[in-house]
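To start, the structure itself, in structure tokens.
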Amino acid sequence: MAEETKVVRATAKTLLRRRLRFARTRVRELRMIGKALASTKHPILVHVIPMRRCNLACTYCNEFDDVSNPVPLAEMKTRLDLLAEMGTSIITISGGEPLMHPELDEVIRHIRRRGMIAGMITNGFYLNQERIERLNEAGLEHLQISIDNVAPDDVSKKSLKTLDGRLEMLAEHAVFQVNINSVLGSGVKDPEDALKIAQRAVHLGFTSTVGIIHDNNGQLKPLGEHEQGIFEAVMELGKRSFSRFNDFQHNVARGKEHDWRCRSGSRYLYICEDGLVHWCSQQRGYPGIPLAEYTPEMRHREYFTEKFCAARCTVSCVQQVGILDNWRDPQNLKPMPMTPPATPQTQLVQIGQGRGDS
Ligand code: SF4
Ligand code: SF4
């Protein structure tokens, strides 16, 4: 693509602001790791959903609607206050499409005001220079965009072609860290697209991660030989990412089960638009308790609860959080009975810093 060679330069002032924010975020991340190693009593990472509605309708996605209203700002602040009081280190805003929330900037400000690291996953369609500047001002620290293909198709409009101009704007104006997630696996028409997307991301100065899509009944399927080669090439390009420390992505690519301890419900929480706590985006419905009623004892119980879905888990952000506790505290409690889904769903397997659904 011609765009791949285009040089995008940030101003000296933007570069300075970017370096300062990156440095401060690194210090805060190191503190987050120290605090997580010193105590198991607080959540490390929490996903919050201020907006379930999305402007797109990717055919594999089970995490959006086209009708719901934004969660009121006051309610979002109450939830963030509860999470701050639990000692939460990182908040990732997800959706739906969070940029559709009319008071998103204030949500981000409140996360920072409460001393937590602020990240966001978006499809990027609402980004423009003014919006990026507002995100800079609000104090955003991480942003992830998932790009599914080079050209839009019936499955997904999140293509390099539609988003490349916005990526250039981010390279020029954003002072927060940007990660681009590409995808490989079942349903991906051209595996070469993942490499082109990752190369473009790195060329623009972003980090790059890769997710693997499986359309199955929860069974991990290995990538084919050609796709494995592309996977390794994208992983090499994305070596600045924290995900390189995790064997998980290689196990997923090879279709192998993974031996780890999922601490969802404790060290990781997924808070839906209704303010209920769930294990994660792929296990919504349990424990299903309102955040305000979710006690330290409940978190403690979930910390020691073995998750039946762990061996074949495909949710990378929870696996990365798990690294900090995998070495300690075996899990010997069983969860409350759960009803498995009636119909198998296509799974978007995430291998990166965030869920990358958008
Ligand atoms: S799907 Fe993964 S992250 Fe979610 S509860 Fe199961 S093991 Fe944990
Ligand atoms: S994957 Fe993201 S952009 Fe696509 S429909 Fe789901 S929430 Fe919207």
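Excluded from the calculations below are hydrogen atoms, water molecules and symmetry mates; all remaining heavy atoms, backbone and side chain alike, are included.
Checked by atom type, the side-chain pair H173/E168 shows no donor-acceptor distance below 3.5 Å. In this structure, a donor-acceptor pair under 3.5 Å is absent between the side chains of D81 and T78. Side-chain atoms of E97 and N123 include a donor-acceptor pair closer than 3.5 Å. A side-chain N or O of H142 and one of E29 form a donor-acceptor pair less than 3.5 Å apart. Using modelled atom types and a 3.5 Å distance limit, the side chains of Q144 and N179 yield a donor-acceptor pair.
Counting only heavy atoms from C-beta outward, the side chains of Y268 and R263 never approach each other to under 4.5 Å. Considering only heavy atoms from C-beta on, C313 comes within 4.5 Å of W260 through its side chain. Contact of the I93 side chain with the P50 side chain is registered, since non-hydrogen atoms from C-beta on lie closer than 4.5 Å. Side chains of V150 and S159 form no contact here, defined as non-hydrogen atoms less than 4.5 Å apart. At a threshold of 4.5 Å between non-hydrogen side-chain atoms, the residues V155 and D148 do not count as touching. For the pair E141 and M120, the minimum side-chain heavy-atom distance is 4.5 Å or more. Between L16 and R21, every side-chain heavy-atom pair lies at or beyond the 4.5 Å cut-off. At a threshold of 4.5 Å between non-hydrogen side-chain atoms, the residues C317 and H47 count as touching.
Residue Q177 holds its CD atom at 5.5 Å from OG1 of T25, rounded to the nearest 0.5 Å. Rounded to the nearest 0.5 angstrom, L83 CG and I91 CD1 are separated by 4.5 Å. Here CD1 of I230 is found 12.0 Å from CD of E225. Values are rounded to the nearest 0.5 Å. Remark: I145 CD1 to I180 CD1 distance equals 4.5 Å, nearest 0.5 Å. The distance from the CZ atom of R134 to the CG atom of D105 is 4.5 Å, given to the nearest 0.5 Å. Rounding to the nearest 0.5 angstrom, the gap separating the CD atom in Q282 from the CG atom in N62 is 5.5 Å.
Other residues, nucleotides and ligands contribute only 12 or fewer heavy atoms inside 6.0 Å of the CZ atom of R9. Around atom CD of E85, more than 12 heavy atoms belonging to other residues, nucleotides or ligands sit under 6.0 Å away. Annotation for D259: atom CG does not count as buried by contact number, only 12 or fewer foreign heavy atoms lying within 6.0 Å. Heavy-atom neighbours of R24 CZ from other residues, nucleotides or ligands within 6.0 Å: at or below the threshold of 12.
The cluster map of Ile, Leu, Val, Met, Phe, Trp and Tyr, joined by side-chain heavy atoms under 4.5 Å apart, puts I108 and V175 in different clusters. Cluster annotation: Y286 and L333 are assigned to distinct hydrophobic clusters (Ile/Leu/Val/Met/Phe/Trp/Tyr, side-chain heavy-atom contacts under 4.5 Å, transitive). No single ILVMFWY cluster, assembled from side-chain heavy atoms under 4.5 Å apart, contains both V321 and L30. By the rule that hydrophobic residues join a cluster once side-chain heavy atoms approach within less than 4.5 Å of another member, M235 and V202 end up as members of one cluster. Hydrophobic clustering (side-chain heavy atoms under 4.5 Å, transitive across Ile, Leu, Val, Met, Phe, Trp, Tyr) groups M51 together with L73.
Not one N or O on the side chain of R79 forms a donor-acceptor pair closer than 3.5 Å with the backbone of A74. The main-chain N or O of V71 is found under 3.5 Å from a side-chain atom of H101 such that the two form a donor-acceptor pair. Formation of a donor-acceptor pair under 3.5 Å by the R200 side chain with backbone atoms of I197 is not found in this model. Between the side chain of R18 and the main chain of A10, no donor-acceptor pair closer than 3.5 Å is present. With hydrogens and angles disregarded, no donor-acceptor distance shorter than 3.5 Å links the side chain of S208 to the backbone of L237. In this structure a side-chain-to-backbone donor-acceptor pair under 3.5 Å is present from K35 to G87. Here the side chain of K334 pairs no donor or acceptor atom with the backbone of E306 at under 3.5 angstrom. Side chain of Q331 to main chain of Y303: a donor-acceptor pair is present (N/O by atom type, distance under 3.5 Å, no hydrogens or angles).
A salt bridge links K189 with D153; the closest basic N to acidic carboxylate O contact falls under 4.0 Å. Checked for salt-bridge contact, E192 and K196 miss the test: no charged N lies under 4.0 Å from a carboxylate O. Between R301 and E297 there is no salt bridge, since none of the side-chain N atoms of the basic residue sits less than 4.0 Å from a carboxylate O of the acidic one. Using a 4.0 Å cut-off between a side-chain N of Lys or Arg and a carboxylate O of Asp or Glu, K77 and E103 do not qualify as a salt bridge. Under a 4.0 Å N-O distance rule, the pair R261/D325 does not qualify as a salt bridge. Between R312 and E257, at least one side-chain nitrogen of the basic residue sits less than 4.0 Å from a carboxylate oxygen of the acidic one, meeting the salt-bridge criterion. Electrostatic pairing of D65 and R53 does not count as a salt bridge here, judged by no charged N lying under 4.0 Å from a carboxylate O. E302 has no carboxylate O lying under 4.0 Å from a charged side-chain N of R299, or vice versa, which leaves the two without a salt bridge.
Ring orientation note: the planes of F304 and H300 are nearly perpendicular, at an angle over 60° on the 30°/60° scale.
Across A171 and F206, no two heavy atoms sit closer than the pair N-CZ, 3.6 Å. When every heavy atom of V315 is checked against every heavy atom of C280, the shortest pair comes out as CG2-SG, 4.2 Å. Smallest separation of non-hydrogen atoms from G265 and Y294: O-OH, 2.6 Å. A pairwise comparison of heavy atoms in I111 and A118 identifies CG2-CB, 3.7 Å as the closest pair. In this structure, S156 and N149 approach most closely via the heavy-atom pair O-ND2, 3.2 Å. Closest non-hydrogen pair, L324 versus I33, comes out as CD2-CG2, 4.0 Å.
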(message) T40 vs D329, test: side chain to side chain contact (heavy atoms under 4.5 Å, CB included). Steps then yes/no.
(response) CA-CA 10 Å; T40 59; D329 302 329; 4.0 Å; yes
(request) Check the pair V210, V183 against side chain to side chain contact (heavy atoms under 4.5 Å, CB included), reporting the backbone distance first and the verdict last. (result) CA-CA 5 Å; V210 60; V183 289; 5.9 Å; no
(message) side chain to side chain contact (heavy atoms under 4.5 Å, CB included), that's the test. Do I90 and M116 meet it? Break it down for me.
(response) CA-CA 5 Å; I90 310 170; M116 299 178 283; over 6 Å; no
(request) Test M298 against I289 for side chain to side chain contact (heavy atoms under 4.5 Å, CB included), laying out the working first. (result) CA-CA 10 Å; M298 290 172 184; I289 294 168; 3.8 Å; yes
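Among the candidates R28, R31, R112, the single residue satisfying the side-chain contact (heavy atoms from CB on, under 4.5 Å) test with I117 is R28. Tested against L269 for a side-chain contact (heavy atoms from CB on, under 4.5 Å), the candidates L45, I44, V318, V46 yield a single pass: V46.
Cation-pi geometry between R166 and F125 is satisfied (NZ or CZ under 6.0 Å from the ring centre, within 45° of the ring normal).
Residues passing the side chain to side chain contact (heavy atoms under 4.5 Å, CB included) test with C272, sequence neighbours excluded: R52, Y270, D274, L276, H278.
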